[in-house]
Amino acid sequence: MQPDGNITAILGDYSVNLGQFSAAAMDCARHLSTGLPLASFAGKSAIARDVDALVRRLARQGLLEYRLSSSRNTQDFVVIEPQVPEYWPQRAKLGSRDTIVLSRFAFLRRRGNELVLESPRAGALFRIGDPAIAATLAALSQPRKIGKLNQKVASPTLHLLELLLDSQILLKLDAKDGEGLRVNEGDGNLVLWDFHDLVFHTRSTEGRQANPVGAAFTYAGIVPPSPAVRPPWAGSKIDLRKFSSPEPNSRFPKLLRERHSTRDFDDKNPVTLGELAQFLDTSARVLSEWKSEPYFEGGSDVTYSTRPYPSAGSAYELELYLTVANCDGLARGLYHYDAGSHALVAISASPQQLQAHLAAAQFAMDAPGQPQILITIAARFGRVSWKYSSIAYSLILKDVGSLIQTLYLAATDMGLGGCAIGSTNIDLFAKMTELEFHIEGPVGQFALGRGRTPEVQG
């Protein structure tokens, strides 16, 4: 709380200025560190409106937790931890005749000494403080009518169930849903997702979870780092160096050795549209299309394509989205690469979204500036999971690795610079493209540009 009336939220090295508030509102806001009852800012007074504005701004940054306590004691029986920005708890109304059941994506797990309830579909996780709640949730592995649950659960637990329903951790079943085997969970695109794949997708990317991502060095003080080269096995060794040619006939070995990550780009000499066209033609263009007979009686023909990189089952589920910051001949903006037509299609995205996307890539690369072109590799998940179970997401990531190496080699061959980026924000991408994160979403990124030539020291 600053002397000029500004309130700043600080978390580690990260700070957010929340604006100016009255002294009375600031005094009330001090209680946020231990818990501020809803009644404190649900009124119509000037102080209540001030505090409500402050709380909403904190919520937009994902900096609030929400505590649910029982009237019988002061202990929190549930604490809600937002996993996405702008989360605000909402209760979906439940009636005594409603039937509810747990989502097949919901899971309880131990985190330290706590029990947490999560789902990759939910905007928050629920920290469970009362073991009785876990028993109630276990009972909801089968469909239950609220009327029957009401005889066993207290009012705070019913409120919790309404919050879980809003978070899609619980589902409300209609009569047509039968026994609630929940194949589609109200969204036909979820049929193709296995539980572990959707969890892996949301927990290994940014945007839908609040855990640290990237080079956090979590275990640096616990175990020493592994050596760069594995210690050799004991036993006789066959030295292969005498069989290798010192001067390979092909340019390919030289290309592989020249490949490296470039993080510093020359913005006075950007990539041209012609170079970008050649780069995409070399690395990602559809070379041919074909189709197979149905895999089973009564099924549909399956269409396939071939492209310059390998893909599991010839699915070629990966799509390229280009966030262009600096390209000679191409306006700043977001584009989809139509690999079949070898064309770029503009997509409406706000300047703020473009800037946030590019800034996140710069931060992830630890680069001095933004990439000239940021290529987001997105997957049409159903293209792979329609055929493969249990290994679908794993196959997609293997395809990403193949494509990234192809992008590296194409850039190196053209004298351009490239850098693979290990993290991406799936929620931001969803807002930019208006695509649901589980239908088509980011699985990798690649920065492209003309590398800056090191200055020669005199």
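Starting from 1, each residue takes its place in the sequence as its number.
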Passes side chain to side chain donor-acceptor pair (under 3.5 Å), Lys398 versus Ser402? Steps please. CA-CA 6 Å; Lys398 292 178 175 68; Ser402 297; over 6 Å; no

Salt-bridge test for Arg127 and Glu114: reply yes if a basic N is under 4.0 Å from a carboxylate O, no otherwise. yes

From CA spacing to verdict: side chain to side chain donor-acceptor pair (under 3.5 Å), Thr424, Glu206: CA-CA 6 Å; Thr424 181; Glu206 296 181 89; over 6 Å; no

Please list, chain by chain and in numerical order, all residues satisfying side-chain contact (heavy atoms from CB on, under 4.5 Å) with Asn269, sequence neighbours excluded. Asp266, Arg450

Is there a side-chain contact (heavy atoms from CB on, under 4.5 Å) between Val116 and Leu108 once you walk through the steps? CA-CA 6 Å; Val116 296; Leu108 276 168; over 6 Å; no

Could you tell me whether Arg383 and Glu317 make a salt bridge, using a distance below 4.0 angstrom between a side-chain N and a carboxylate O? no

Partners passing side-chain contact (heavy atoms from CB on, under 4.5 Å) against Gln168 (at least two apart in sequence or in another chain): Arg121

Which is it for Cys419 and Thr262 under the side-chain contact (heavy atoms from CB on, under 4.5 Å) test, yes or no, and what are the steps along the way? CA-CA 5 Å; Cys419 182; Thr262 300; 5.6 Å; no

Answer yes or no: is there a side-chain heavy-atom contact under 4.5 Å between Gln372 and Asp267? yes

Residues in salt bridge (charged side-chain N to carboxylate O under 4.0 Å, His left out) with Lys431, at least two apart? Asp427

Return yes when atom CZ of Arg110 has more than 12 non-hydrogen atoms of other residues, nucleotides or ligands closer than 6.0 Å, and no otherwise. no

The criterion is salt bridge (charged side-chain N to carboxylate O under 4.0 Å, His left out); which residues satisfy it with Asp264, sequence neighbours excluded? Arg452

Indicate the ring-plane relationship of Trp193 and Phe381, choosing parallel, tilted or perpendicular according to the 30° and 60° boundaries. tilted

Taking salt bridge (charged side-chain N to carboxylate O under 4.0 Å, His left out) as the test, write out the residues that go with Arg97, two or more places apart. none

Might you work through the salt bridge (Lys or Arg N to Asp or Glu O under 4.0 Å) test for Arg111 and Glu81, ending with a clear yes or no? CA-CA 13 Å; Arg111 187 184 67 181; Glu81 298 181 13; 2.7 Å; yes

Give me the atom names and distance for the closest heavy-atom approach of Arg104 to Glu185. N-OE2, 2.7 Å

Heavy atoms of Ile404 and Ala420 approach each other most closely as CG2-CB, 3.8 Å

Any chance the side chains of Asn211 and Gln209 put a donor and an acceptor closer than 3.5 Å? yes

Ring centroids only, cut at 6.0 angstrom: are Tyr408 and His260 within range, meaning strictly under it? no

Might you confirm whether atom CG of Asn113 has over 12 heavy atoms from other residues, nucleotides or ligands at distances under 6.0 Å? no

Return a table of donor-acceptor pairs under 3.5 angstrom between the side chains of residues 434-446 and protein atoms on other chains or two or more places apart.
| unit_1 | atom_1 | unit_2 | atom_2 | d |
| --- | --- | --- | --- | --- |
| His438 | NE2 | Asp187 | OD2 | 2.6 |
| Glu440 | OE2 | Tyr321 | OH | 2.4 |
| Gln445 | NE2 | His357 | NE2 | 3.2 |
| Gln445 | NE2 | Thr376 | OG1 | 3.2 |

Any donor-acceptor N or O pair under 3.5 Å, side chains His196, Tyr393: no

